[in-house]
2 protein chains.
Amino acid sequence: MIPNASLHARVPVTIGAMESSSATSGGSTRREATRQKLYEAAVTLIAEQGFSATTVDEIAERAGVAKGTVYYNFASKSVLFEELLRHGVGLLTASLREAAERTAAEGGSKVDALDAMVRAGLVFIDRYPAFTQLYVAELWRTNRAWQSTLMVVRQEAVAVVEGVLREGVAAGEFSEEIDVQLTAAALVGMVLVAALDWKSFQPERSLDDVHAALSRLLQGRVSGKG
Amino acid sequence: MIPNASLHARVPVTIGAMESSSATSGGSTRREATRQKLYEAAVTLIAEQGFSATTVDEIAERAGVAKGTVYYNFASKSVLFEELLRHGVGLLTASLREAAERTAAEGGSKVDALDAMVRAGLVFIDRYPAFTQLYVAELWRTNRAWQSTLMVVRQEAVAVVEGVLREGVAAGEFSEEIDVQLTAAALVGMVLVAALDWKSFQPERSLDDVHAALSRLLQGRVSGKG
DNA sequence: CTTTTTGAACTGACTGGTCAGTGCAAAAAT
DNA sequence: ATTTTTGCACTGACCAGTCAGTTCAAAAAG
């Protein structure tokens, strides 16, 4: 119904946008733009409703595109989701790595690096809350088609944190008794849950504010009268 | 296919089992047992696949019960899920509260209370990993039928942590500058993610081991040579 | 006798995926 | 300069299958 209504409803949405590398094969701009719109639509819908509860029709409608276009651009609903996942976590990993390297270049300590990564995490979640939400919801599921993709991509991100932790231990800055793997997971969890709570229940607070609170916790400046 | 195979496959499963309070209305034991089986079946299936991807037929089959029985005991799939949620988080909240009170009764500090709650959290996740998984996956979603239930129940649990934090501040044990709400969320996240990682990737480790690692992090004994 | 469960058939709405066909801008032909 | 062709990107009606929820007579349990 209303056959002509959807054709020109192209609003330049930015929420959840994750501009993809135009480096790969100068493929037509038109197609890339369509894929982008589909990513944006899928990210928010799946974050809200979950993968199974989100229909391809919904995604197409939200993107202002016909259903067939979805299948012209992606082999299946799962593939669309998988590519979305890979792309998103790739951005996060790059951001974490950059934060660690920048800190090192500036001669900061490993705690400084950790702190910079906490901030990078917050910035990411601030920019892509829907993606983060969706990612958390899927991460610990088992027996799903994209599980391996999820694992690989998760490991890449956590490995950055683990790396800094290990370097800190080697440099004598951290206790040799810390459990690198578990501590990395705990730190990620700390930022993740705190940030999701921030976005869900206190969205008016500033990033700096939240960062300061987490910094304090990270550096053990909780006990004592401060 | 294989019509009779599933009927008598009643293994006394404990994973995800959450014996409900028999205190409320001495309702017939039989019915309660059936509901229990349905909870257990639903918890694992939904944890693996998500709510929408899990069919009522699957739940009934896994519980070793006819489909009609599901609808005799619960008004709908959503209601079954909602009651499951309420029940599970209720157990967690009670456990956290008990840990805090026990520590206080033993004359422990607020850090001790926090530590006891971390352990209680780990014990819970150790016992009900599937429930935890499912809960995390749903917690930050929006626009779902059971959202309000989820929120209420979440707040009850987090409030216990916040309470201890606040008492610690009042007693001068914690800095007055800590952000109670955010710190509580961060602590919960720390335990949650660390525990899920433990269960997913290093299930052979002992609870004490994991608890020790988190304790160290909690008390800021990470920096320095330990 | 009452409560609870069974089990199988049925409905109606919805969903992932398909496919023949359209629109259009650039290239080729004239 | 004008016409014709090409093929990419997109369209949307359609199909075959799936699922939540219903119904109900009969059996089991207590």
Side-chain angles (χ1 to χ4, degrees), chain A residues 1-10 20 22 24-39 41-42 45-46 49-84 144-146, chain B residues 1-10 25-42 45-46 49-84 144-146:
Chain A
M1 42 203 85
I2 318 176
N4 304 359
S6 66
L7 278 182
H8 297 285
R10 309 284 169 71
S20 64
S22 53
T24 52
S25 73
S28 76
T29 310
R30 179 145 171 245
R31 195 161 181 200
E32 205 50 47
T34 302
R35 293 171 78 103
Q36 187 60 39
K37 282 191 297 186
L38 285 169
Y39 277 155
L45 285 168
I46 296 179
Q49 309 174 323
F51 177 81
S52 302
T54 300
T55 69
V56 175
D57 286 284
E58 275 177 319
I59 296 173
E61 190 190 332
R62 170 94 60 127
V65 142
K67 187 178 185 177
T69 306
V70 176
Y71 286 94
Y72 181 76
N73 284 283
F74 299 95
S76 69
K77 186 186 171 188
S78 304
V79 167
L80 162 57
F81 184 57
E82 235 172 299
E83 292 191 16
L84 185 58
R144 304 230 76 175
W146 51 79
Chain B
M1 40 205 87
I2 319 179
N4 304 358
S6 66
L7 278 182
H8 297 286
R10 311 279 171 71
S25 72
S28 76
T29 311
R30 186 149 81 109
R31 196 159 180 202
E32 206 48 50
T34 302
R35 293 171 78 101
Q36 187 60 38
K37 281 192 295 184
L38 285 169
Y39 278 157
E40 288 169 32
L45 284 168
I46 297 179
Q49 309 173 324
F51 176 81
S52 303
T54 300
T55 69
V56 174
D57 287 286
E58 274 177 318
I59 295 173
E61 189 190 332
R62 171 93 62 129
V65 143
K67 187 179 182 180
T69 306
V70 175
Y71 284 94
Y72 181 76
N73 283 283
F74 298 96
S76 69
K77 186 186 171 187
S78 305
V79 168
L80 162 56
F81 184 58
E82 232 172 301
E83 292 192 15
L84 185 57
R144 304 231 74 176
W146 50 81

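Lettering follows sequence order; numbering is per chain, from 1.
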Tyr72(A) side-chain N/O to dC10(D) phosphate OP1/OP2 under 4.0 Å: no
In whole Å, I'd like the distance from the CG atom of Leu38(B) to the P atom of dT4(C). 14 Å
Of all residues at least two apart in sequence or in a different chain, which pass the salt bridge (charged side-chain N to carboxylate O under 4.0 Å, His left out) check with Arg35(B)? Glu83(B)
Return no unless some side-chain N or O of Thr34(B) is found under 4.0 Å from OP1 or OP2 of dT5(C). yes
Detail all sub-3.5 Å separations between protein N/O atoms and N/O atoms belonging to nucleotides 16-21 of chain C.
{"residue": "dG16(C)", "atom": "OP1", "partner": "Thr54(A)", "partner atom": "O", "Å": "3.4"}
{"residue": "dG16(C)", "atom": "OP1", "partner": "Lys77(A)", "partner atom": "NZ", "Å": "2.8"}
{"residue": "dG16(C)", "atom": "OP2", "partner": "Val56(A)", "partner atom": "N", "Å": "3.0"}
{"residue": "dG16(C)", "atom": "N7", "partner": "Lys67(A)", "partner atom": "NZ", "Å": "2.7"}
{"residue": "dG17(C)", "atom": "OP2", "partner": "Tyr71(A)", "partner atom": "OH", "Å": "2.8"}
{"residue": "dG17(C)", "atom": "OP2", "partner": "Lys77(A)", "partner atom": "N", "Å": "3.2"}
{"residue": "dG17(C)", "atom": "N7", "partner": "Lys67(A)", "partner atom": "NZ", "Å": "3.0"}
{"residue": "dG17(C)", "atom": "O6", "partner": "Lys67(A)", "partner atom": "NZ", "Å": "2.8"}

Might you list the N or O atoms of the protein lying below 3.5 Å from N or O atoms in nucleotides 25-30 of chain D, with each pair's distance?
none

What is the separation between atom CD1 on Ile59(B) and atom C1' on dA20(D), rounded to the nearest whole Å? 11 Å
Check the phosphate of dC10(D) against Asn73(A), side-chain N and O only, distance under 4.0 Å to OP1 or OP2. Yes or no? yes
Lys67(A): which residues meet the side chain to side chain donor-acceptor pair (under 3.5 Å) condition with it, sequence neighbours left out? Asp57(A)
Once you round it to whole Å, what is the distance between P of dT4(C) and CZ of Arg35(B)? 10 Å
Is the phosphate of dT6(C) approached by Thr69(B) (side-chain N or O, under 4.0 Å from OP1 or OP2)? yes
Applying ring pair (Phe, Tyr, Trp, His ring centres under 6.0 Å) as the test, list every pair that has at least one member in residues 57-76 of chain B; sequence neighbours left out. Tyr39(B)-Phe74(B)
Rounded to whole Å, the CZ-P distance (Phe74(B) to dA20(D)) equals 16 Å
Between atom CD in Glu32(B) and atom P in dT5(C), what is the gap in whole Å? 10 Å
Separation of Arg31(B) atom CZ from dT6(C) atom C1', in whole Å? 15 Å
Under the side-chain contact (heavy atoms from CB on, under 4.5 Å) rule, collect the residues that match up with Ala42(B), sequence neighbours excluded. Ile46(B), Ile59(B), Leu80(B), Leu84(B)
To the nearest 0.5 Å, atom CD of Gln49(A) lies from atom OG1 of Thr55(A) at 7.5 Å
Specify whether Trp146(B) and Phe81(B) have parallel, tilted or perpendicular ring planes, treating 30° as the upper limit for parallel and 60° as the lower limit for perpendicular. perpendicular
Rounded to the nearest 0.5 Å, how far apart are CZ of Phe51(A) and OG of Ser78(A)? 4.0 Å
Scanning both residues in full, the closest heavy-atom pair of Ala53(A) with Ser52(B) reads CB-OG, 3.2 Å
If I take atom CD in residue Glu58(A) and atom C1' in nucleotide dC14(C), what distance separates them, rounded to the nearest angstrom? 11 Å
For Glu61(A), look at atom CD and say whether over 12 heavy atoms of other residues, nucleotides or ligands are found less than 6.0 Å away. no
